[in-house]
Amino acid sequence: MFTVHQKGQAPSTNSSVLPWWLIGTIAVGTLLNPLNSSMISVSLFRLGSAFHITIASATWLISSFYLAAAVGQPLMGRLADLIGPRRIFCLGLVLVGITGLLAPWAPAFGWLVVLRVFQALGTSAAYPAGLALLRAQTRRIAGEGAKTPAAALGAISITSNVSAALGPTLGGVLMLMANWQAIFLINVPLVIIGLILAFLLLPRDEPMQPEEREPIRLHAITLSQIVRVLDVPGIILFSGTLTSLLVFLLALNNPFWLLLPTALVLLLLLLLWEYRTQAPFFNVRVLLSNRQLAKVYIQFAAVNFVFYSLFFGLPLWFEKARGFSPTLSGIIMLPFAGIGVLATFAAIQILRRSGIRLALLLGALALSIGTLLLLFLDTKTAVILLLAVIVILGIPNGLQNLGLQAALYAAAPAHEMGAAAGQFQTFRYVGSILSTSLLGLLFGGTITNGGLHMLAAALACISILLLIEAGRMRSPTNKSAQD
């Protein structure tokens with residue numbers, strides 16, 4: 001576990017131990033994003049009634065959050081590198097608190113969507129800023145050759161997984177106690193706790209080293225400098241690419257084909273612009289020069305494509321093909337998240353003793369076996385066998401998430417840790433967005449055993465590719481962890 005240090009006490013320079021209060025404070029901030037992304041799902045019907053809109057329109061509260069977070073993660077990560085991770089961590093919390101107070105008073109649904117976008121931007125700050133803080137603290141304690149802090153990454157991963165899994169349950173309790181407004185107001189006490197901990201415990205932002213990027217001078221910056229330093233054209237192109245792709249994929253059953261070439265053209269312009277600009281928002285040059293980092297991003301998108309396809313697809317099959325109640329479907333899916341949390345503890349030990357490669361290998365192997373087993377399920381399969389398959393499918397959630405976070409930590413440049421962590425999370429949302437298109441194609445009409453088997457075949461192919469890539473992976477220099 002974590003060795004406890006008194007605040008202000010310098011640990012030994014030959015240790016990569018991180019203080020528990022630093023890890024805990026960062027974990028409190030990072031739970032807000034998965035919590036708010038999942039908690040809203042149980043309130044869509046009530047929100048639709050309150051604002052006199054359809055459920056299809058109400059789902060924009062989910063889509064807009066994903067889209068804003070996909071843009072917000074690298075943006076906040078870049079700001080963390082430029083301005084300081086502690087400042088951005090606190091700024092994100094403040095933004096979440098403000099939206100939590102204002103959302104219950106939204107006069108129309110459009111205003112609520114706008115506030116939801118700002119909420120996503122605020123919740124996007126904690127993860128990239130937190131990883132930048134961890135990296136800086138690790139360098140301060142153990143120098144440039146510090147090992148990957150597996151326990152710290154594991155604690156953050158467990159917090160995120162638990163908050164995402166419990167989000168619908170907490171949302172349901174809040175709906176019973178109050179109304180949809182409570183879904184937003186619950187953020188206020190969490191933000192207050194996070195800010196108190198951040199101000200008291202997080203280390204102040206350090207001046208950058210001479211070889212690192214010059215930080216923004218907040219008191220003297222001009223509008224033109226903001227546009228240049230933050231790469232506003234790159235942000236606009238990036239947002240346009242994701243928006244076009246999202247809208248196209250969400251309407252695959254009746255596609256608006258013009259959006260596909262629009263997304264491709266915007267993507268090409270984005271790549272060209274980001275390659276040529278001096279301060280890119282999405283650093284294409286780093287991805288071209290750092291193949292290890294690029295592979296981490298691609299694998300993370302693939303892992304989340306499989307995860308979200310299962311997370312949303314299996315309950316649909318349980319309810320529509322097997323005839324299970326939503327309650328029973330939820331109970332059957334519990335091991336999917338629960339085993340993932342337990343697997344994260346196992347992943348911490350694997351990273352400490354054997355390195356990143358073994359964690360990814362075991363995760364991809366379990367995912368391949370689990371998705372192949374789905375090919376043998378049908379409407380007559382016993383519930384106990386369904387649970388057994390769900391347990392196997394829950395294992396990779398802990399191993400691969402933590403393994404890829406450790407790989408990111410090892411591959412990313414130290415002074416760009418915030419931006420790299422933000423881009424890492426963007427690929428999570430790319431995977432989730434792509435999964436919605438697959439589910440729309442396979443489950444858009446009648447949900448059958450055939451649809452489940454086609455889903456299983458597609459996910460098994462991706463899982464096997466992940467297994468092959470994990471087998472070919474070269475262990476990074478910073479491969480193991482010490483806690």
Side-chain angles (χ1 to χ4, degrees), residues 1-5 11-12 14-24 26-27 30-31 34 127 130-131 134-135 137-138 141-142 145-165 292 296 299-300 303-304 307 334-370 390-412 421 424 463 466-467 469-483:
M1 293 302 290
F2 315 122
T3 300
V4 178
H5 296 284
S12 172
N14 62 0
S15 171
S16 61
V17 178
L18 287 172
W20 64 266
W21 45 260
L22 174 66
I23 300 168
I26 294 171
T30 56
L31 70 82
Y127 182 80
L131 254 63
L134 289 178
R135 186 65 173 266
Q137 186 75 355
T138 304
I141 293 171
K147 297 178 179 181
T148 304
L153 297 178
I156 293 172
S157 180
I158 290 170
T159 302
S160 297
N161 288 338
V162 170
S163 61
Q292 185 177 333
V296 170
Q299 288 179 76
F300 196 55
V303 166
N304 281 281
F307 173 80
L334 276 178
F336 192 64
I339 295 297
V341 172
L342 296 178
T344 302
F345 287 106
I348 293 172
Q349 300 304 317
I350 292 172
L351 287 173
R352 294 173 64 184
R353 298 177 182 180
S354 304
I356 297 169
R357 182 172 176 268
L358 182 60
L360 294 179
L361 265 174
L362 293 176
L365 178 62
L367 197 62
S368 300
I369 293 172
I390 295 297
V391 167
I392 295 172
L393 289 172
I395 295 172
N397 187 29
L399 292 171
Q400 289 183 300
N401 270 290
L402 185 55
L404 288 171
Q405 285 186 71
L408 165 76
Y409 194 93
F424 181 73
S463 302
L466 287 168
L467 179 62
E469 182 58 35
R472 296 172 55 193
M473 177 183 180
R474 293 181 180 179
S475 296
T477 303
N478 192 17
K479 71 175 183 176
S480 59
Q482 179 179 335
D483 300 283

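Keep in mind it's a predicted model, so treat the numbers as computed, not measured.
Between T344 and G340, the shortest heavy-atom contact is OG1-O, 2.9 Å. Residue A347 comes nearest to G398 through the heavy atom pair CB-O, 4.0 Å, listed as atom of the first residue, atom of the second, then distance. For the residue pair L351 and I356, the shortest heavy atom distance occurs at CD2-CA, 3.6 Å.
Between L393 and I339, the closest side-chain pair of non-hydrogen atoms is not below 4.5 Å.
Put simply, OG1 on T138 and CG on L131 are 9.5 Å apart, with the number rounded to the nearest 0.5 Å. To the nearest 0.5 Å, atoms CD (E469) and CZ (R357) are separated by 11.0 Å. In this structure, CG on L466 lies 9.0 Å from CG on L360, to the nearest 0.5 angstrom.
Scanning for ring-ring contact (aromatic ring centres under 6.0 Å, His included) contacts around F300 gives F424, with sequence neighbours left out. With sequence neighbours excluded, the residues that form a side-chain contact (heavy atoms from CB on, under 4.5 Å) with L362 are I350, L358, L399. Residues satisfying the side-chain contact (heavy atoms from CB on, under 4.5 Å) criterion with L467, sequence neighbours excluded, are L361, A364, L365, S368. Applying the side-chain contact (heavy atoms from CB on, under 4.5 Å) rule to L22 yields the partners L18, P19, I26, L134, Q137, L202, P203; only residues at least two apart in sequence or on another chain are considered.
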task: Please assess N397 against F336 for the test side chain to side chain contact (heavy atoms under 4.5 Å, CB included), listing each intermediate value before the final yes or no.
output: CA-CA 8 Å; N397 187 29; F336 192 64; 5.8 Å; no
